[in-house]
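Everything on this sheet refers to the single structure shown next.
Lettering follows sequence order; numbering is per chain, from 1. This is a predicted model, so every value here is computed, not measured.
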Amino acid sequence: MNESKDFLRKIVEEDLASGKNREIITRFPPEPNGFPHIGHAKSICINFGIANDYQGHCNLRMDDTNPTKEDTQFVEALKDAVEWLGFNWGESVYFTSDYFPKLYEYAVELIKMDKAYVDSLDEEEIREYRGTVTEAGRRSKYANRTVEENLDLFERMKKGEFKDGEHVLRARIDMSADNMQLRDPLLYRIRHADHIRTGDEWCIYPMYDFAHCLSDYLEGISHSLCTLEFENNRDIYNWVLNTLGLTSSRPYQYEFARLGINYTVMSKRKLLELVKGGQVSGWDDPRMPTIAGYKRRGYTPESILTFCDQIGIAKANSMVDVAQLEFCIRDDLNTKVPRVLCVLDPLKVTIENYDGFEEIDAPYYPHDVPKEGSRKLPFSREIYIERDDFMENPPKGYFRLTPNQAVRLRHAYIISCKEVIKDSNGNITEIKAEYYPNSKSGSEDTSGIKVKSAIQWVSATEAKKVEVRLYDRLFVNEAPEGIEDINPDSLQVIKNALIEPAVITEKPDERFQFERQGYFYADPILYTDEKPVFNKIVSLKDSWAKKSETSKPTPKPQAKKVQIDGEVVAMNEAQKVLFDKYLELRLNSEVANTLARDEHLSKFYEEALSILNSPVNLANIVSNEVARELKQMEVSELKFSAKQIAELVKMIDNATISNKIAKQVFEEMVKTGENPTQIVEAKGLVQISDPAKILPILDEIIANNPDNVAKFKAGNTKLLGFFVGQVLKATKGKGNPKVVNELVGKRLQ
RNA sequence: UGGGGUAUGGCCAAGCGGUAAGGCAUCAGUUUUUGGUACUGACAUUCGGGGGUUCGAAUCCCUCUACCCCAUCCA
């Protein structure tokens, strides 16, 4: 289906193909300090999904290195979430705390290597000494303690001889590193606190940067996949493993963008605020973006999985539209759940010409859902319909019941309105109606009456009273900051909705479509037969509601953003001299500019120029191709020389090869450092300019692509490139593109 | 501001020098006893802006701009 793979899977496939890894082991490493949300679901899908795809394994690991924040209720929630989503972590759940003894040993090892030291600055001093993003930091005076002192101090830290914050263990890296994370990062801190698993066994705890890479290593993780904000931490990740010499079959870290959804908050801190502040009923409130919330609301694991699959994996920060998630759950439930009739806001209808009672056999599933099953729908003289489904003065385009418009009762008869009863305030309290006896739904309908819609209804005496909870988005703002953006109407509890009896007595499912309204879920906690409670999972799409909305205020003005160009740094004297000289050599000013501003490039260019007097072509290839290579390495590391470039350009100049071939040759030179002439000879890359040789190839291509020929002739000139490309491909790049171009143009005129 | 990232339709997202995939949303139309579903069609002459290289650039080079991350004893 979808052939394109995400960049992580590409990396994995390359590593497998190159033999770097034999087995793919990933891990999902949450900190048990909150309930997992849909962002975690994305991470779970990535880590478990990739492991599954490549017959590997994914560890579930609780990253429990901070005893003051973690709690066992969260480890349970995490396990629930993974399990509910359908993934299997195998034998056991891992805990970073299981590695505390090993981690301690590694720390001692670093101290012995003099790569770590005990610092005794206080918190504020440490911050101060770290410097800022623009200023280098300076090393603490404690950094020059001897290895013996450090060993002693660290051991005493472990023994509990010091108070919280008195000392920390730090890596000795570089206090002036551009990457702030490398400014002697903390490895261990003292925390006299009870840990959820180790209790009071430890009073020093490893920091994330130290514990994570080593835990990965210890578990034999091959690919450590995390979110973008850890990009800066990758350097320490590598430093720790490299410094400890843990380099064979070690893990590597790759980062992807975390999930953002509009009208939703996704940080654990903010979610915790909602829970603590009582804005929601708990972590599993159906309005919460937590896995527990979605589960409680009635989302299926499949729908979440599909969603994660649809949004893709990339490195660009993005904000996914909630509509995408809603689509996934609708799409899933559409083919799965029974349709039933429920009236949320009942309006009484008395069918004056109907006496008696009957049970109508009604299928649970519509014609387009291939599932079997039906129930009995009681029908009688008094029924209830949705208040919205009657209008005394309807707008045009209204399909439901009006004084002049009949409507079908779904699965039952067609009725028309005879009289509207109102109370003293003018509110409609009842409709007197008539039914058409020969209009019964199905083959029995011989009435010939055409109605515009069918509406839901329930029989007054048989209907069951149910509570229905309607949820709207928790926030009114597309990018909510916090509780100030909360939607005051996100929860609407309807105490007296009426539902057909089969739903309660037969219980054909726990999820239903209430016809014409949406999908609903029997609340797994509150639901009882005496007092049924349903959560709305999601509305059905409603093109009528959209149409009848008061004309939208936003046709959006949106002028195109004017982009202001910044100042370009001026050239210095030497550069200016070069620039002028290059202009005199008739170089394009942009090329001259590129060359003049880069010392290495200009030197390289001058050297090549001294060998071959072809200033323009040399300049072009140096400022483009050579510049690319020089971005990644020093001149001295280049495998090719200026002399070879001159040789290459010479072949372009005398038309032995085309620019296209030159690129191919250049690539080879980059890899092997071979002489261009040799490459051309060895590969037979001399270009073909003879039309007599090209024409037959072109004609064959034309014959094989009649569609594209037609399109081209119809004016789609973009296809010129297609034909040229095809010919070039057929000649393995040797066709002279200029000639080919001309020929295609002529041939297809 | 130093460093590290990222920019492709309203929202995601493929694409890696040769015809701008796909999904969501939107808009039309067909089917429909759910204003649902399904189906059909429309929806980027252009890839953050500007230059350059090339027969040909979203893709290569130069440059500018915008946004995100890093200065927790959090992860």
Could you work out the separation of [N] and [M] based on their [atom1] atoms and round it to a whole Å?
N	M	atom1	answer
B:G51	B:G15	P	28 Å
B:A21	B:A44	C1'	13 Å
B:U34	B:U46	C1'	41 Å

Would you check if [X] and [Y] make a side-chain contact, meaning some heavy-atom pair closer than 4.5 Å?
X	Y	value
A:Ile204	A:Phe154	yes
A:Ser215	A:Arg61	yes
A:Thr306	A:Asp332	no

Across all strands, who's sitting opposite [N] as a Watson-Crick or G-U wobble pair, both distances under 3.5 Å?
N	value
B:C24	B:G10
B:C67	B:G5
B:U46	none
B:C73	none

Donor-acceptor pair present, [X] side chain and [N] base, under 3.5 Å:
X	N	result
A:Asp368	B:G36	yes
A:Lys541	B:U34	no
A:Gln324	B:G23	yes
A:Asn716	B:U19	no

What's the closest nucleotide to the [X] side chain, out of [options]?
X	options	value
A:His367	B:U63, B:A25, B:U32	B:U32
A:Asn620	B:C61, B:U37, B:U54	B:U54
A:Asn588	B:U19, B:U26, B:U53	B:U53
A:Met319	B:U33, B:A7, B:C12	B:C12
A:Phe327	B:A57, B:C24, B:C12	B:C24
A:Lys718	B:C61, B:U46, B:G17	B:U46

(Q) Which residues in residues 733-742 of chain A have a heavy atom closer than 4.0 Å to any atom of RNA chain B? (A) A:Pro737, A:Lys738, A:Asn741

Q | Sorted by number, the residues of residues 439-452 of chain A with heavy-atom contact under 4.0 Å to RNA chain B | A | A:Lys440, A:Ser441, A:Gly442

[X] [atom1] - [N] [atom2] separation (whole Å):
X	N	atom1	atom2	answer
A:Arg330	B:A25	CZ	C1'	11 Å
A:Asn624	B:U59	CG	P	12 Å
A:Phe712	B:U45	CZ	P	21 Å
A:Gln687	B:U54	CD	P	14 Å
A:Phe579	B:U63	CZ	C1'	13 Å
A:Lys631	B:U63	NZ	P	9 Å
A:Asn659	B:C55	CG	P	5 Å
A:Leu401	B:U33	CG	C1'	15 Å

Contacts of [X] that satisfy salt bridge (charged side-chain N to carboxylate O under 4.0 Å, His left out) - sequence neighbours left out:
X	value
A:Asp445	A:Arg408
A:Glu515	A:Arg410
A:Lys660	none

Q: Between A:Val591 and A:Ile313, name the one whose nearest nucleotide on RNA chain B is closer to the 5' end.
A: A:Ile313

Q | Residue mapping more 5' on RNA chain B - nearest nucleotide basis, A:Arg400 or A:Leu720 | A | A:Leu720

Q | Nucleotide-resolved protein contact map, nucleotides 67-75 of chain B, B/S/- at heavy-atom distance under 4.0 Å | A | -SBBBSBSB

For a quick check of understanding: with a heavy-atom distance under 4.0 Å over all strands, which category does [X] fall into, base, sugar-phosphate or nothing?
X	answer
A:Lys268	nothing
A:Val568	sugar-phosphate
A:Gln513	base
A:Arg339	base
A:Leu719	base
A:Phe210	nothing
A:Leu728	base
A:Thr134	base
A:Gly397	base

Q. Hey, are A:Arg628 and A:Asn624 close enough side-chain-wise for a donor-acceptor pair under 3.5 Å?
A. no

Q) If only atom types and distance count, is the side chain of A:Asp598 paired as donor or acceptor with the main-chain N or O of A:Leu601 below 3.5 Å? A) yes

(Q) Quick one: does any side-chain atom of A:Arg339 pair with a main-chain N or O of A:Val337 as donor and acceptor, under 3.5 Å? (A) yes

Q.
Please classify the glycosidic conformation of B:U45 as syn (within 90° of 0) or anti (everything else).
A. anti

Please tell me if [X] has a side-chain N or O lying less than 4.0 Å from either OP1 or OP2 of [N].
X	N	value
A:Lys10	B:G15	yes
A:Lys315	B:A7	no
A:Ser543	B:G36	yes
A:Arg516	B:G35	yes

Q: Pick out which of A:Tyr519, A:Tyr365, A:Tyr364 makes a side-chain hydrogen bond (donor to acceptor under 3.5 Å, both in side chains) with A:Gln513.
A: A:Tyr519

(Q) Working note: A:Asp63 + A:Thr96, criterion side-chain hydrogen bond (donor to acceptor under 3.5 Å, both in side chains); need CA distance, chi angles, decisive distance, verdict. (A) CA-CA 5 Å; A:Asp63 205 4; A:Thr96 302; 2.9 Å; yes

Q: On the 0 to 90° scale, with breaks at 30° and 60°, tag the A:Phe712-A:Phe723 ring pair as parallel, tilted or perpendicular.
A: perpendicular

Q) Once the angle between the rings of A:Phe399 and A:Trp544 is folded into 0 to 90°, is it parallel (under 30°), tilted (30 to 60°) or perpendicular (over 60°)? A) parallel

**Q.** Ring centre gap for A:Phe230 and A:Tyr208 strictly below 6.0 Å
**A.** yes

Q: Work out which heavy atom in A:Asn33 is nearest to a heavy atom in A:Lys69; give both atom names and the distance.
A: CB-O, 3.5 Å

